[in-house]
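As structure tokens, the structure follows; a few thoughts come after it.
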Amino acid sequence: MTVTAPPEVDREESTGRVGDVVFAGISRGSAIVIMLALAGVAVFLLQQGLPALGNHGEAAYGKDNIWAFVWPLLFGTLLASVIAMLIAAPLAIGVALIISHYAPRPVAKVLGWLIDLLAAIPSVVYGLWGIQFLALNMVPVYKWFDAHAGWIPFFEGPVPNSGRTMFTAGLVLAVMALPIITAICREVFAQTPLMHQEAALALGATRWEMIRLAVFPYARSGMMSAVLLGLGRALGETMAVALVLAPTLIVSFNLITAERSSSTIAANIALNFGNASGSKIDTLIFSGLVLFVITFAVNFLGRSIAARGQRG
Amino acid sequence: MAKSIDVSDLNIYYGDFLAVEGVNMTIKARSVTAFIGPSGCGKSTFLRSLNRMHEAIPGARVEGKVMVDGQSLYEPSIDPVAVRRQIGMVFQRPNPFPTMSIYENVLAGKRLNAKRMSKSDADALVERSLRGANLWTEVKDRLNKPGMSLSGGQQQRLCIARAIAVEPQVLLMDEPCSALDPISTAAIEDLIAELKSDYTIVIVTHNMQQAARVSDDTGFFNLKATGEPGHLVEFNPTNKMFTNPDEESTEAYISGRFG
């Protein structure tokens with residue numbers, strides 16, 4: 001029996017190989033550019049921000065030291081973002097479930113588009129909407145809270161007639177973070193293995209029970225990382241908050257007043273950078289460094305939870 | 001507890017597509033009924049129509065009647081969820097819930113029906129169900145391990161334990177052994193023979209020897225032609241089917257002269 005020799009492939013002349021090399025080069029280059037950009041930002045923030053560590057008095061906007069300046073802003077940033085997540089996360093999970101499991105396909109498609117459109121609205125538009133529409137319409141709600149739940153520190157008046165409060169900022173951020181959380185949850189829900197959903201249905205589960213038995217356990221880590229990525233978005237949001245909140249350096253849990261409400265790092269930088277000079281610039285950049293570290297940590301946590309979910 | 005099923009003039013559609021046409025049969029209580037036939041002939045679809053599982057696919061609907069102990073399954077007033085609590089199902093690939101322990105898997109269905117159960121009742125039910133599925137001795141020392149840590153055959157028996165824990169009247173099995181090795185297959189077949197005394201069992205199988213070994217009655221499904229709907233060619237006691245079938249095409253299929 002004769003064995004036919006495999007046909008000689010002329011590797012040198014194969015265009016596929018050249019394409020391989022070029023493509024590998026391009027993708028490696030892109031990866032390096034991204035690393036350099038990130039490192040560049042980090043180096044810039046460290047270089048410009050760290051000298052502000054010793055700032056106090058005038059250079060720290062009248063505070064005794066830099067931490068007394070950054071802390072209220074950091075607090076405000078976290079408070080606004082947490083309010084946003086408390087509102088956005090259940091809403092986003094609900095909408096994602098409607099799209100993936102409840103609505104008939106045409107309706108789900110349209111709903112998906114609408115949610116994606118929310119992501120395309122510029123943040124300054126959200127800010128304007130926040131001041132001109134949302135804030136004003138929330139005033140009666142705040143007044144009601146002040147009257148009926150004023151004994152809780154969150155809801156102590158007086159309520160400003162402009163409605164520009166921490167809670168309004170949180171609401172605007174919630175709407176802005178909605179699309180990313182919904183999009184990720186929708187994808188994860190839709191990937192739930194059919195056989196586990198059928199297992200639940202065959203046991204006599206209603207649709208909601210099926211979702212609790214099969215979909216949520218499968219999607220838990222995905223939902224968690226979706227919320228953290230949404231949180232990352234809310235932490236760094238600038239324009240919308242800058243328009244809604246007045247820049248004050250106060251640590252306060254109060255959600256519905258103007259005088260005693262905190263501001264956020266990003267908004268504070270946007271509002272003050274134009275007038276800043278000398279060491280005040282360093283101070284603002286240092287607050288930017290703090291925000292960078294926090295946002296980076298939140299995103300990193302989100303990604304690592306998502307990765308852990310995929311492994312096991 | 002076990003109930004008989006009467007099917008008359010059943011047509012099953014996916015949207016406008018007629019998948020199975022004109023099925024008439026009586027499935028006896030406390031017996032094993034097997035469906036055989038080539039792939040795509042509608043035997044799984046028909047099986048799923050017996051507990052309305054096919055409705056999980058949008059657009060699926062039926063015409064005709066399915067009566068379980070005199071009660072029509074497709075009355076508008078009948079909730080498909082209630083139907084599935086009475087008529088359990090075991091699937092082709094073992095599908096224990098991946099995040100749950102063996103113990104929790106067995107209780108999953110029961111937890112839906114009865115919210116509160118005392119620890120001792122739950123323990124007793126888990127033991128009874130696992131014993132019923134011939135799995136108790138193998139897993140009794142690791143009930144809190146994940147269900148996915150078991151072998152394929154054990155997982156399938158866990159799924160059977162989960163199905164019988166809700167005390168259904170009928171147990172539907174959709175090629176329950178097709179993903180298993182011969183030893184595990186034998187274990188499941190033994191189990192089917194035991195379960196027959198308590199449940200009405202309907203099984204779809206591609207393995208003709210399996211149908212001959214485990215079933216009392218056999219139904220042969222086939223396509224009239226490519227693109228035509230599937231239909232029931234012959235339904236007879238298994239003995240007769242495998243020795244002296246009424247239809248020539250049944251004999252051709254069983255003896256391997258298929259075409």
Side-chain angles (χ1 to χ4, degrees), chain A residues 93 96-112 185-227 304-312, chain B residues 44 47-48 50-59 79-100 104-115 146-149 155-156 158-168 170-174 179:
Chain A
I93 289 169
L97 272 181
I98 294 279
I99 294 174
S100 69
H101 281 85
Y102 280 92
R105 200 159 296 165
V107 179
K109 218 173 201 174
V110 171
L111 202 55
C185 286
R186 180 178 69 192
E187 286 305 310
V188 183
F189 292 159
Q191 282 168 17
T192 311
L194 191 61
M195 64 176 195
H196 295 135
Q197 301 185 40
E198 287 189 332
L201 288 177
L203 287 172
T206 60
R207 199 169 333 194
W208 169 239
E209 287 167 334
M210 181 273 282
I211 286 166
R212 268 181 18 224
L213 266 179
V215 178
F216 281 162
Y218 172 82
R220 201 166 37 198
S221 65
M223 284 153 68
M224 194 68 197
S225 67
V227 170
S304 75
I305 288 177
R308 199 175 60 198
Q310 274 158 15
R311 271 203 306 276
Chain B
S44 281
L47 186 78
R48 283 163 171 257
L50 296 181
N51 73 341
R52 300 185 66 169
M53 268 304 287
H54 70 300
E55 288 175 16
I57 297 163
D79 182 0
V81 168
V83 169
R84 294 177 200 137
R85 284 183 185 181
Q86 310 257 312
I87 305 180
M89 190 157 195
V90 176
F91 296 86
Q92 192 168 350
R93 285 179 57 204
N95 54 2
F97 295 117
T99 53
M100 290 185 193
E104 290 296 326
N105 259 293
V106 176
L107 288 180
K110 198 71 187 174
R111 288 255 156 90
L112 297 175
N113 297 325
K115 293 294 169 209
M148 298 298 277
S149 66
Q155 285 185 23
Q156 193 63 299
L158 176 59
C159 293
I160 293 174
R162 182 177 66 188
I164 61 180
V166 294
E167 289 158 6
V170 180
L171 206 50
L172 307 177
M173 299 185 167
D174 190 358

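In the text below, chain A, chain B and the rest are named by the order of the sequence lines, each starting its count at 1.
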Given Arg220(A), Arg105(A), Met195(A), the one with more heavy-atom pairs under 4.5 angstrom with chain B than any other is Met195(A)

Do you know which of Pro98(B), Gly88(B), Ala163(B), Ala165(B) has the most heavy-atom pairs under 4.5 Å to chain A? Pro98(B)

Heavy-atom proximity to chain A below 4.5 Å, by part of Arg162(B): both

Distance (rounded to the nearest 0.5 Å) between Arg48(B) CZ and Leu172(B) CG: 10.0 Å

Check for a donor-acceptor pair, side chain of Arg207(A) on one end and backbone N or O of His101(A) on the other, with a separation under 3.5 Å. yes

Tell me which of these, Ala205(A), Ala214(A), Gly204(A), Pro217(A), has more heavy-atom pairs under 4.5 Å with chain B than the rest. Gly204(A)

What orientation do Phe97(B) and His196(A) show, parallel under 30°, tilted 30 to 60°, or perpendicular over 60°? tilted

Give the minimum heavy-atom separation between Ala103(A) and Ala108(A), together with the two atoms involved. CB-N, 4.0 Å

Part of Gln197(A) within contact of chain B (heavy atom distance under 4.5 Å): neither

Where on Pro96(B) is there a heavy atom nearer than 4.5 Å to chain A: the side chain, the backbone, both, or neither? backbone

From the list Met89(B), Met53(B), Arg52(B), the residue making the most non-hydrogen contacts under 4.5 Å with chain A is Met53(B)

Cut-off 4.5 Å, heavy atoms of chain A, and the answer for Met148(B) is neither

Nearest-0.5 Å distance that lies between atom CZ in Phe216(A) and atom OG1 in Thr192(A): 9.5 Å

Ion pair check, Arg85(B) and Glu209(A), cut-off under 4.0 Å: yes

